[in-house]
Student: 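Starting off with a structure, shown below.
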Amino acid sequence: MARPTTQLHPPFGVLFFGVGLITTSLMQIQILVDSKRYWHLFSELPPLLITIRYTVSWIARMVGLVLGIGILLRRRLFRKVMMALAFATILVTPWKHPYQVFVHHINDLTRQSPAFTELLEFLQRSGVALSTVTWIVVIVMWMLEIILASLLLWYFSRPHVKAWFASAPSQR
């Protein structure tokens, strides 16, 4: 049975993803404020590339914030841009989450968390190399990123969601 397209309230998924984009953008902005940490994590790269990545990261967070608001305001253009960016995210996921960054994360966690250090030592005694643990974390992160982007693409291409955006009173 087709869902009505004249409903005033957004479908749950639109609300979920719109609020999610706003929330995660704000959380990631808080992280980006610590530019020294960002430079530390990407220290294997040339300075110009770190600067470009850092700038692109800020732009991406701002775009995510605006997209979340635009989606909640029922703007078709924002739905389409969000889908294009979700597709682009799938293509650049390894660039967003490179192996070496997780080497730095794991080293930092080892210095900060005795429990994490114990876990790593246990894994290493069990024959799991630190590089294997790192690759597992990287691949899980890649999978999560790709799954989320794929869910966005799938959900926002559903007929009832497209119809809800198409039936918006004004697209100005």
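Computed over heavy atoms, backbone and side chain alike; hydrogens, waters and symmetry mates excluded. In this text, all values refer to a predicted model and were calculated from it rather than measured experimentally.
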Student: Report yes if the side chains of L109 and L120 come closer than 4.5 Å at any heavy-atom pair, otherwise no.
Tutor: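 L109 does not reach L120 side chain to side chain.
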Student: Which word best sums up how the rings of Y155 and F17 line up, parallel for under 30°, tilted for 30 to 60°, or perpendicular for over 60°?
Tutor: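 Rings of Y155 and F17: tilted, 30 to 60°.
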Student: In Å and rounded to the nearest 0.5 Å, what is the CD1 to OG distance from I136 to S131?
Tutor: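 So the CD1 of I136 and the OG of S131 are separated by 9.5 Å.
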Student: Any chance you could measure M83, atom CE, to I71, atom CD1, to the nearest 0.5 Å?
Tutor: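 So the CE of M83 and the CD1 of I71 are separated by 10.0 Å.
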Student: Please report the shortest heavy-atom distance between R76 and A166, naming the atom on each side.
Tutor: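 Smallest interatomic distance, heavy atoms only, reads CD-CA, 4.0 Å.
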Student: How long is the straight-line distance from CH2 of W39 back to CG of L45, given to the nearest 0.5 Å?
Tutor: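 Between L45 CG and W39 CH2, I get 9.5 Å after rounding to 0.5 Å.
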Student: Can you tell me how far apart CG (L152) and CD1 (I90) are? Round to the nearest 0.5 Å.
Tutor: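 The distance works out to 9.0 Å.
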Student: Are I22 and V19 linked, directly or through intermediate hydrophobic residues, by side-chain heavy-atom contacts shorter than 4.5 Å (ILVMFWY only)?
Tutor: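 Yes; I22 is reachable from V19 via cluster members.
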Student: Do W142 and E145 come close enough that some side-chain heavy atom pair is under 4.5 Å?
Tutor: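 No; the side chains remain at least 4.5 Å from each other.
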Student: L67 versus R79: any side-chain heavy-atom pair under 4.5 Å?
Tutor: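 No, side chains not in contact.
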Student: Where does the angle between the aromatic ring planes of Y54 and W58 fall among parallel (under 30°), tilted (30 to 60°) and perpendicular (over 60°)?
Tutor: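 Ring orientation of Y54 relative to W58: perpendicular.
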Student: For side-chain contact (heavy atoms from CB on, under 4.5 Å), just list the numbers for I29 and M62, CA-CA rounded to whole Å, side-chain angles, deciding distance to a tenth of an Å, and then say yes or no.
Tutor: CA-CA 8 Å; I29 285 169; M62 294 300 145; 3.5 Å; yes
Student: Using a 3.5 Å distance criterion without hydrogens, assess whether the side chain of S57 forms a donor-acceptor pair with backbone atoms of R53.
Tutor: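 Yes.
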Student: Apply side-chain contact (heavy atoms from CB on, under 4.5 Å) to residues L41 and H105 and explain how you reach the verdict.
Tutor: CA-CA 7 Å; L41 292 173; H105 273 304; 3.7 Å; yes
Student: Determine the minimum heavy-atom distance between L153 and A86, stating which atoms define it.
Tutor: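 The answer is CG-CB, 3.9 Å.
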Student: Is there a side-chain contact between R37 and D108 in this structure, where contact means two heavy atoms from C-beta onward sitting under 4.5 Å apart?
Tutor: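 With C-beta onward as the side chain, the pair touches.
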Student: Is the Lys NZ or Arg CZ of R158 less than 6.0 Å from the centre of W164's six-membered ring, within 45° of the axis?
Tutor: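 Here R158 fails the 6.0 Å and 45° test against W164.
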Student: Please report the closest heavy-atom contact between T24 and L21, naming both atoms and the distance.
Tutor: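 Where T24 meets L21 most closely, the heavy atoms are OG1-O, 3.4 Å.
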Student: So which atom in G64 and which in S25 form the shortest heavy-atom distance, rounded to 0.1 Å?
Tutor: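 Reported closest heavy-atom pair: C-OG, 3.3 Å.
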Student: Under a 3.5 Å distance rule, please check whether T117 uses its side chain to pair with a backbone N or O of T110 as donor and acceptor.
Tutor: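 Yes.
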Student: Mind checking whether T89 and I146 have side chains closer than 4.5 Å, heavy atoms only?
Tutor: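 With C-beta onward as the side chain, the pair stays apart.
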Student: Determine whether V56 and I31 fall in the same hydrophobic cluster, where Ile, Leu, Val, Met, Phe, Trp and Tyr are linked whenever their side-chain heavy atoms lie under 4.5 Å apart.
Tutor: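 Not linked; separate clusters.
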Student: Are side-chain heavy atoms of W154 and S150 found at a separation under 4.5 Å?
Tutor: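 Not touching, per the 4.5 Å side-chain cut-off.
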Student: Can you check whether Q30's main-chain N or O pairs, donor with acceptor, with R61's side chain at less than 3.5 Å?
Tutor: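 Not confirmed, R61 side chain does not pair with Q30 backbone.
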Student: Report the distance from atom CD1 of I69 to atom CG of L72, rounding to the nearest 0.5 Å.
Tutor: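 It comes to 8.0 Å.
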Student: Between V92 and V140, is there a shared hydrophobic cluster once you connect ILVMFWY residues whose side-chain heavy atoms come closer than 4.5 Å?
Tutor: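 V92 does not cluster with V140.
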Student: For F156 and F165, take the angle between the two ring planes, folded into 0 to 90°, and tell me which bin it lands in: parallel under 30, tilted 30 to 60, perpendicular over 60.
Tutor: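 F156 and F165: tilted rings.
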Student: Quick check: do K96 and M141 have side-chain heavy atoms less than 4.5 Å from each other?
Tutor: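 Side chain of K96 against side chain of M141, heavy atoms only: no contact under 4.5 Å found.
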Student: Compare all side-chain heavy atoms of L130 with those of Q124 and state whether any distance is below 4.5 angstrom.
Tutor: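 Yes, their side chains come closer than 4.5 Å.
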Student: V101, M27: one ILVMFWY side-chain cluster at the under-4.5 Å cut-off?
Tutor: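 Per the 4.5 Å side-chain linkage, V101 and M27 are not co-clustered.
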Student: Under 6.0 Å from the OH atom of Y99, do we count more than 12 heavy atoms belonging to anything else shown?
Tutor: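 Counting neighbours around OH of Y99, more than 12 heavy atoms of other residues, nucleotides or ligands fall under 6.0 Å, so yes.
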Student: CZ of F116: more than 12 outside heavy atoms within 6.0 angstrom?
Tutor: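 It does: F116 CZ has more than 12 such atoms within range.
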Student: Taking all non-hydrogen atoms of both residues into account, name the closest pair between H97 and V138 and its distance.
Tutor: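 In this case the closest contact between H97 and V138 is O-CG1, 4.0 Å.
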Student: Same cluster for I106 and L144 if Ile/Leu/Val/Met/Phe/Trp/Tyr side chains link at under 4.5 Å?
Tutor: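 Shared cluster, no.
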Student: Give, for atom CG of L123 and atom CG of L119, the distance between the pair rounded to the nearest 0.5 Å.
Tutor: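 Answer rounded to 0.5 Å: 4.5 Å.
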Student: For P98 versus F42, what's the shortest heavy-atom pair and its separation?
Tutor: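 Looking at all heavy atoms of both residues, the closest pair is CG-CE2, 3.9 Å.
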